[in-house]
Amino acid sequence: MEGHPNRRLQVVALFVAMALPMLAPLVARAEEDPIKPPIDIWVDTDDDGVNVDAGTGGTQPGGGGGGNGGGGSASGPQCHLEELKPDQWDQSIELEYWGRRMRYAPYNLICDGEWKGVVWIEIVIDDGGNPVPPPADPLDVAQRLRDQLPVPRASVEINPDRGIVGVDSWFWLDGYNGATLRRSTDAFGWLVEVEARVTHYQWSFGDGTVVSSDSPGRAYPDRSTVRHVYERSSAGLPQGYPVDVSFVFEVRYRVDGGAWIVLPGITRTARGEYPVRESQAVIQR
């Protein structure tokens with residue numbers, strides 16, 4: 001019976017040894033002040049005022065950090081992820097961590113040296129039992145998705161087929177109805193979503209007149225919202241007036257349901273040729 005107390009001491013020591021790693025973040029926070037983030041984070045570039053996924057996050061951790069952050073360029077914002085260390089967690093981050101069953105880790109999303117919020121990345125363990133860092137910069141993923149967007153090949157349609165000076169001609173885009181384009185992937189450890197929507201259409205009618213519209217027009221027999229009256233014929237132009245319409249896509253992306261971030265836009269141009277004649281009355285005797 002004398003050996004029983006020793007066995008109980010061994011069990012208690014084993015339990016304490018197992019519990020110490022779980023208590024370490026709490027002990028560290030007791031010794032030094034944690035980063036205390038604001039409650040609501042908003043991104044100025046987001047017209048919809050979308051909250052960051054975590055709802056809370058650390059104050060800006062050191063600005064540029066490593067990776068591609070800082071400076072910015074004409075190609076759009078440069079973003080990278082920085083993992084939050086346990087001594088940077090506050091109570092809300094800790095509760096979120098346990099709520100996600102310890103399967104996701106919090107990262108700061110930093111774009112052009114500015115902190116955008118906290119995103120949660122799934123923890124992947126390699127064969128040696130070590131966590132694998134995120135495999136790619138989310139901005140690189142978003143740019144690849146942007147290049148894969150199914151941008152349509154549209155054409156210019158006009159009614160009537162041959163224009164008449166002084167008479168309305170109706171114009172519209174065929175092959176694109178103005179719908180928002182979307183693409184996403186979660187193959188890189190986080191959900192990256194990209195969407196593109198047209199901000200405006202710019203019509204050039206070939207006679208020096210340029211008109212901006214917010215719609216691609218309406219196909220005949222509907223009365224199109226894009227109309228033009230020519231004052232001169234296209235005499236001297238073998239194929240008629242060159243009619244161009246440029247439509248500009250505003251592109252943005254987000255990571256794990258966080259705030260939207262702007263990417264460089266996409267511009268497409270469709271062209272048509274439009275002969276216009278002048279009608280004259282002839283008096284016969």
Side-chain angles (χ1 to χ4, degrees), residues 37 40-58 61 65-69 72 75-86 88-89 92-152 179-198 249-266:
D40 291 311
I41 306 303
W42 303 90
V43 177
D44 294 337
T45 56
D46 179 23
D47 295 335
D48 301 326
V50 180
N51 278 83
V52 175
D53 178 46
T56 61
N68 298 326
S75 63
Q78 300 296 308
C79 301
H80 68 280
L81 298 174
E82 290 184 358
E83 185 178 7
L84 270 75
K85 303 302 181 184
Q88 295 176 312
W89 294 13
S92 64
I93 293 293
E94 184 176 345
L95 290 175
E96 182 77 15
Y97 174 71
W98 291 106
R100 292 175 179 263
R101 298 174 182 248
M102 301 177 290
R103 295 177 181 174
Y104 294 80
Y107 285 77
N108 286 313
L109 176 62
I110 300 174
C111 296
D112 290 344
E114 295 184 5
W115 181 78
K116 296 298 183 182
V118 173
V119 294
W120 291 86
I121 309 301
E122 185 175 5
I123 299 173
V124 178
I125 305 300
D126 62 19
D127 295 337
N130 301 311
V132 179
D137 187 317
L139 174 60
D140 293 336
V141 178
Q143 287 177 332
R144 283 199 291 269
L145 290 176
R146 170 189 175 276
D147 295 339
Q148 296 170 5
L149 285 171
V151 179
T180 299
L181 309 178
R182 294 183 174 88
R183 203 171 186 91
S184 64
T185 182
D186 59 359
F188 294 86
W190 53 71
L191 176 64
V192 178
E193 301 171 88
V194 173
E195 69 174 30
R197 54 185 175 181
V198 172
F249 289 89
E250 182 182 75
V251 186
R252 61 183 188 171
Y253 79 100
R254 66 180 179 180
V255 181
D256 276 355
W260 288 104
I261 303 171
V262 176
L263 283 173
I266 300 172

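This is a predicted model, so every value here is computed, not measured.
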Hey, what do you get for CZ (R103) to OH (Y97), rounding to the nearest 0.5 Å?
11.5 Å

Tell me, with the steps shown, if W89 and L84 meet side-chain contact (heavy atoms from CB on, under 4.5 Å).
CA-CA 7 Å; W89 294 13; L84 270 75; 3.8 Å; yes

Which value, rounded to the nearest 0.5 Å, describes the distance between I266 atom CD1 and R197 atom CZ?
14.0 Å

N/O donor-acceptor pair under 3.5 Å between Q143 side chain and D140 backbone
no

Assess whether side-chain contact (heavy atoms from CB on, under 4.5 Å) is satisfied between L191 and S184, documenting all intermediate values.
CA-CA 7 Å; L191 176 64; S184 64; 4.3 Å; yes

Would you compute the distance between atom CZ of R183 and atom CG of D147 and round it to the nearest 0.5 angstrom?
10.5 Å

Test side-chain contact (heavy atoms from CB on, under 4.5 Å) applied to W260 and L263, step by step:
CA-CA 10 Å; W260 288 104; L263 283 173; over 6 Å; no

Which residues pass the salt bridge (charged side-chain N to carboxylate O under 4.0 Å, His left out) test with E195, sequence neighbours left out?
R182, R252

E83 meets the side-chain hydrogen bond (donor to acceptor under 3.5 Å, both in side chains) criterion, sequence neighbours left out, with none

Mind checking side chain to side chain contact (heavy atoms under 4.5 Å, CB included) for D126 and listing every partner two or more places apart, or none if nothing turns up?
N130, V132

Can you list the residues that meet the side chain to side chain contact (heavy atoms under 4.5 Å, CB included) rule with A196, with sequence neighbours excluded?
L149, L181, F249, V251

CG (L95) and CZ (R100) are apart, to the nearest 0.5 Å, by 12.5 Å

How close do P138 and V192 get, counting heavy atoms only, and between which atoms?
O-CG1, 4.4 Å

Checking side-chain contact (heavy atoms from CB on, under 4.5 Å) for the pair V262/Y253: CA distance, chi angles, key distance, verdict?
CA-CA 7 Å; V262 176; Y253 79 100; over 6 Å; no

